[in-house]
Amino acid sequence: MSDTPNLQPAQGNAGRVVMIFIAVFAVGALLYVMSQGRQELRRSPTGLDGLRAWLVAQDEPVQNFTGGWPVDKEEVGLNILPIYDTNVTARRISPSTQEELLMQQDEFDIFLGSIEDKSREVTVMAVLPKWRSGMRLTGIAHPLLIAEPARIEDVLTDIIPGRDVSIRYSRTPFSEFVYNTLDGERLTAVSYAAQMFTAEACEPMIGDSDGMLLGRCDTRWGTKMLILSDPDLVNNHGLLLGDNAFIIRDFIAPFGAEGRILIDYSRRSWFSSPEERVARERDWADLLRFFEPPFTLMWAGAVLSLLLILWRAFMRFGPLRDSVGRLGAAKALAIGARANLMRLSGQDGALANEYARARLAATASALFGPAHARQFSNAEAFLSFTKRRHPDLAGPLAGALNNLAAMPKGASAGQAMAAVSELERILEQITDDSRGISRPSRRPQG
């Protein structure tokens with residue numbers, strides 16, 4: 001039998017560790033992808049990251065807001081609320097095919113109650129939806145990719161009272177609208193397939209009563225709200241058309257003087273007053289916020305990692321095996337060899353012969369140390385040593401080795417065990433008689 005150490009457990013443990021790291025990496029990657037979804041929308045042609053960059057360059061106090069912490073409403077001058085949902089009273093249905101994805105009209109859920117709460121706290125400019133997802137994904141502004149006007153009208157009628165609310169589109173590809181700045185300068189707003197609206201409850205700010213892009217409107221809950229019907233006036237797709245960028249800068253400047261401009265992507269109202277924050281008491285909802293998306297996936301990843309670690313510990317059930325073989329552990333090698341010989345069958349003679357070689361190597365290591373063990377591990381060198389030190393045992397040892405070498409491969413287990421036992425007895429006697437020998441003496445050559 002060979003005395004080569006068994007490295008299989010260590011390799012198996014390394015494989016499990018690699019699996020754990022792959023699982024943790026996969027969970028982390030999934031979290032990253034989920035967090036990138038909203039950022040991708042903001043950077044897309046229908047997003048408002050370009051508006052933020054432009055206003056920051058003009059030294060306006062503008063920032064993106066995705067929720068997660070309270071905001072003092074007295075510090076907010078204007079809350080720009082982009083709406084990517086044509087049904088603010090129900091959850092959107094996720095597309096199941098690529099065609100449905102391109103033609104979907106609702107990309108990000110926001111509910112009417114949230115719009116109402118925000119308009120009660122701060123001045124809101126709601127940016128209505130216009131394009132389907134296909135426009136964002138392909139970068140092509142085609143009339144086929146415009147959302148259904150009836151669905152956008154439903155959003156308007158949910159916010160504005162009256163039966164005269166309607167959405168209509170310009171008959172010319174690019175429409176121009178006059179805007180007079182605070183300094184009396186005349187600017188022109190340009191929009192592709194301009195989306196306009198009419199409502200008696202609204203005062204036109206860009207456009208007129210027959211078709212306005214921007215209006216100041218009364219809401220169903222008794223507040224004032226700015227409504228921008230065509231997002232192409234402020235989004236990445238249309239900000240550079242005509243004088244759109246300068247118009248929005250002039251329009252927002254008075255609100256920036258009153259406080260911060262928020263581009264609000266949050267699903268609920270986070271506005272509060274300083275008094276409310278001081279008097280506010282903690283409840284379970286504060287703790288549960290840390291288990292809502294995107295934290296939900298993070299906690300799922302932590303639980304999965306813990307389960308993998310527990311499974312790994314259960315499978316291992318104890319410390320790792322020592323991967324370094326010790327040739328001097330003669331007793332352990334002998335017990336292991338005998339157990340293998342009793343369990344295996346069919347090649348007992350060959351196993352016994354291999355065991356004899358390994359047993360000689362172990363005995364040589366115990367007598368001479370690892371540095372000189374290889375020199376005396378073969379049968380001829382060990383017999384030469386035995387003849388010099390233990391001449392009375394040299395003959396029995398040679399006979400035992402010859403018996404094992406000549407044993408047929410198909411010998412019975414009883415014959416193999418008898419030959420092995422005889423070899424064990426002789427080697428143990430040699431070891432006991434040689435306790436004082438640590439290294440062999442080497443004679444000079446020549």
Side-chain angles (χ1 to χ4, degrees), residues 36-54 64 80-88 90-110 115 125-159 165-177 189-197 206-207 211-215 226-242 244-245 247-248 263-265 267:
Q36 292 299 303
R38 195 177 300 178
Q39 294 185 18
E40 181 181 352
L41 181 62
R42 301 200 310 250
R43 293 192 296 260
S44 71
T46 57
L48 302 186
D49 271 4
L51 174 64
R52 177 185 175 276
W54 164 247
N64 288 334
I80 300 175
L81 180 61
I83 300 175
Y84 298 97
D85 191 358
T86 60
N87 188 353
V88 294
R91 293 188 179 276
R92 71 186 184 95
I93 299 175
S94 299
S96 57
T97 65
Q98 185 173 7
E99 182 179 356
E100 290 181 359
L101 175 62
L102 291 173
M103 300 304 292
Q104 76 168 346
Q105 304 181 75
D106 305 331
E107 294 203 86
F108 185 74
D109 275 331
I110 187 170
I115 299 174
M125 183 174 78
V127 182
L128 295 182
K130 178 179 179 180
W131 298 102
R132 300 172 187 259
S133 299
M135 190 274 193
R136 172 178 62 84
L137 296 173
T138 64
I140 300 174
H142 192 278
L144 179 64
L145 298 177
I146 293 177
E148 296 177 13
R151 294 173 66 98
I152 302 174
E153 283 182 5
D154 289 342
V155 177
L156 268 176
T157 54
D158 286 335
I159 298 174
V165 177
S166 65
I167 290 286
R168 70 181 185 88
Y169 295 90
S170 173
R171 296 182 179 180
T172 58
F174 289 92
S175 302
E176 297 183 353
F177 300 84
V190 177
S191 176
Y192 172 73
Q195 178 175 279
M196 301 169 287
F197 75 105
I206 298 179
M212 67 188 89
L213 292 184
L214 177 65
L226 299 171
I227 294 182
L228 178 62
S229 62
D230 195 332
D232 290 345
L233 185 70
V234 294
N235 62 20
N236 302 333
H237 161 65
L239 189 62
L240 297 182
L241 294 178
N244 293 357
I247 290 173
I248 196 65
I263 302 178
D264 188 0
Y265 296 95
R267 283 190 168 96

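No hydrogens, no waters, no symmetry mates; every other heavy atom, side chains included, goes into these values. Here the structure is a predicted model, which means the values were calculated and not measured.
- Side-chain contact of Ser44 with Arg136: a donor-acceptor pair under 3.5 Å is absent, judged by distance alone.
- Across every non-hydrogen atom of Trp54 and Ala245, the tightest pair is NE1-O, 2.9 Å.
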Exercise. For the pair Asp49 and Arg43, evaluate salt bridge (charged side-chain N to carboxylate O under 4.0 Å, His left out) and give the outcome as yes or no after the intermediate values.
Key: CA-CA 6 Å; Asp49 271 4; Arg43 293 192 296 260; 5.6 Å; no
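- Note: Met212 CE to Ile206 CD1 = 11.5 Å, rounded to the nearest 0.5 Å.
- Distance check, rounded to the nearest 0.5 Å: CG of Asn235 to CG of Leu51 gives 9.0 Å.
- Across Ser229 and Phe197, no two heavy atoms sit closer than the pair CB-CD2, 3.3 Å.
- For the pair Thr86 and Gln105, the tightest heavy-atom approach, listed with the atom from each and the gap, is CG2-O, 3.7 Å.
- Panel note: side chain Glu107, backbone Ser133; no donor-acceptor pair is recorded below 3.5 Å.
- Residues Ile152 and Gln195 share a closest heavy-atom pair of CD1-OE1, 3.3 Å.
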Practice problem: With side chain to side chain contact (heavy atoms under 4.5 Å, CB included) as the test, would you mind laying out the steps for Leu48 and Tyr265 before giving the verdict? | Solution: CA-CA 10 Å; Leu48 302 186; Tyr265 296 95; 3.5 Å; yes
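- To the nearest 0.5 Å, atom CZ of residue Arg52 and atom CG of residue Asn64 are 5.0 Å apart.
- Here Ile80 contributes atom CD1 and Asp264 contributes atom CG; the two are 10.0 Å apart, rounded to the nearest 0.5 Å.
- Relative orientation of the Tyr192 and Phe174 rings is tilted, given thresholds of 30° and 60° on the angle between their planes.
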Self-check item: Residue pair Met125, Leu214: steps toward the side chain to side chain contact (heavy atoms under 4.5 Å, CB included) verdict
Solution: CA-CA 9 Å; Met125 183 174 78; Leu214 177 65; 4.1 Å; yes
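- Between Met196 and Ile167, the closest side-chain pair of non-hydrogen atoms is not below 4.5 Å.
- Nearest heavy atom pair, residue Ile227 against residue Ile159, reads CD1-CG2, 4.3 Å.
- How far CD of Glu100 is from CZ of Arg132: 12.0 Å, rounded to the nearest 0.5 Å.
- Looking only at distances, no side-chain donor or acceptor of Glu153 sits under 3.5 Å from a matching main-chain atom of Pro149.
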Self-check item: Worked verdict on Trp131 versus Ile146 for side chain to side chain contact (heavy atoms under 4.5 Å, CB included)
Solution: CA-CA 5 Å; Trp131 298 102; Ile146 293 177; 3.5 Å; yes
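- Of the inter-residue distances, the one linking Ser175 atom OG with Asp232 atom CG reads 11.0 Å to the nearest 0.5 angstrom.
- Residues Leu239 and Leu233 come closest through the heavy atom pair CD1-O, 3.8 Å.
- Look at Arg267 and Asp109 and you find no salt bridge, because none of the NZ, NE, NH1 or NH2 atoms lies under 4.0 Å from a carboxylate O.
- Remark: the backbone N or O of Asp106 is not paired with any side-chain donor or acceptor of Asn87 at under 3.5 angstrom.
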Practice problem: Applying side chain to side chain contact (heavy atoms under 4.5 Å, CB included), run through Asp158 and Ile115 and close with a yes or a no. | Solution: CA-CA 10 Å; Asp158 286 335; Ile115 299 174; over 6 Å; no
